[in-house]
Amino acid sequence: MTRALRSSLVLAVLGISACSPTTSSMVGYASVRADREARFFAVGDTLVMTVRDPPGVVLVPYPPTLDEGRVVVNAGLASVGDGGVHVHCFDVAQLAPPTDWPERLYWREPDHTLSRVAEVDRSDAARALAAKCPAEVKTSRASSRP
């Protein structure tokens with residue numbers, strides 16, 4: 001491999017890792033709610049999160065995890081992307097959460113403590129939003145049921 005190609009590959013890897021969010025939360029719940037107007041919706045086994053991102057820095061939520069019966073979400077930031085409202089859909093069925101999981105929804109803070117997501121919408125608006133989730137979320141949800 002030529003020296004120029006090797007240098008280009010090293011720079012590309014460094015650039016990708018510098019722009020990639022980490023697996024721990026880089027943004028606190030209070031900030032996500034206030035600065036990004038995050039809202040949370042629950043319908044069946046589907047969790048939907050909407051956020052208003054500024055241009056150039058988008059919130060990247062990670063798939064939820066289960067922690068002692070609590071469904072836990074966290075997110076990193078990526079320094080790419082368009083601003084505006086972004087919708088993120090997750091199937092929580094594979095976690096086998098308790099049936100009351102929307103009351104047990106938490107945000108992992110940067111210091112790794114948990115903050116309860118106090119407002120989880122389950123209204124008709126939530127159902128309409130969940131109906132627009134990508135087919136793979138709906139397929140995954142349907143196939144995970146007995």
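Below, each value reflects all heavy atoms present in this structure, side chains not excepted, and no hydrogens, waters or symmetry copies. Predicted model only: the values in this text are computed from it and were never measured.
Note that CG of Asp121 is 9.0 Å distant from CG of Leu129, once rounded to the nearest 0.5 Å. One finds the CE atom of Met49 at 4.5 Å from the CZ atom of Phe40 (value rounded to the nearest 0.5 Å). Between the OG1 atom in Thr46 and the CZ atom in Arg127 there is a gap of 12.5 Å [rounded to 0.5 Å]. Of the inter-residue distances, the one linking Asp53 atom CG with Asp82 atom CG reads 10.0 Å to the nearest 0.5 angstrom.
Side-chain atoms of Trp101 do not come within 3.5 Å of backbone N or O of Ala42 as any donor-acceptor pair. The closest donor-acceptor contact from the side chain of Glu37 to the backbone of Ala34 lies at 3.5 Å or more, if one exists at all. In this structure, Glu109 contributes its side chain and Tyr29 its backbone to a donor-acceptor pair below 3.5 Å. Using a distance-only test at 3.5 Å, with no hydrogens or angles considered, a donor-acceptor pair links the side chain of Arg33 to the main chain of Ala38.
Of all heavy-atom pairs spanning Val92 and Pro97, the tightest one is O-CD, 3.2 Å.
Between Asp35 and Arg52 no salt bridge is recorded (no basic side-chain N to carboxylate O distance below 4.0 Å). For Arg39 and Glu119, the salt-bridge test fails: no basic side-chain N is under 4.0 Å from an acidic carboxylate O.
Criterion: ILVMFWY side-chain heavy atoms under 4.5 Å apart, direct or through other members. Under it, Leu77 and Trp107 are part of a common hydrophobic cluster. Following chains of ILVMFWY side-chain contacts shorter than 4.5 Å, one can reach Val120 starting from Val32, so the two form part of one hydrophobic cluster. A chain of hydrophobic side-chain contacts below 4.5 Å, direct or via other Ile, Leu, Val, Met, Phe, Trp or Tyr residues, connects Val57 to Val51.
Side chains of His86 and Leu59 form no contact here, defined as non-hydrogen atoms less than 4.5 Å apart. Counting heavy atoms from C-beta on, the side chains of Pro98 and Arg104 come closer than 4.5 Å. Residues Val73 and Tyr62 are not in side-chain contact: their nearest non-hydrogen atoms beyond the backbone lie 4.5 Å or more apart. A 4.5 Å side-chain heavy-atom check between Leu47 and Cys89 finds every atom pair outside the cut-off. Counting only heavy atoms from C-beta outward, the side chains of Leu114 and Arg108 approach each other to under 4.5 Å. No side-chain heavy atom of Leu105 sits less than 4.5 Å from a side-chain heavy atom of Arg70.
Ring pair His88/Phe90 is parallel by interplanar angle, where below 30° counts as parallel and above 60° as perpendicular.
Heavy-atom neighbours of Asp100 CG from other residues, nucleotides or ligands within 6.0 Å: above the threshold of 12.
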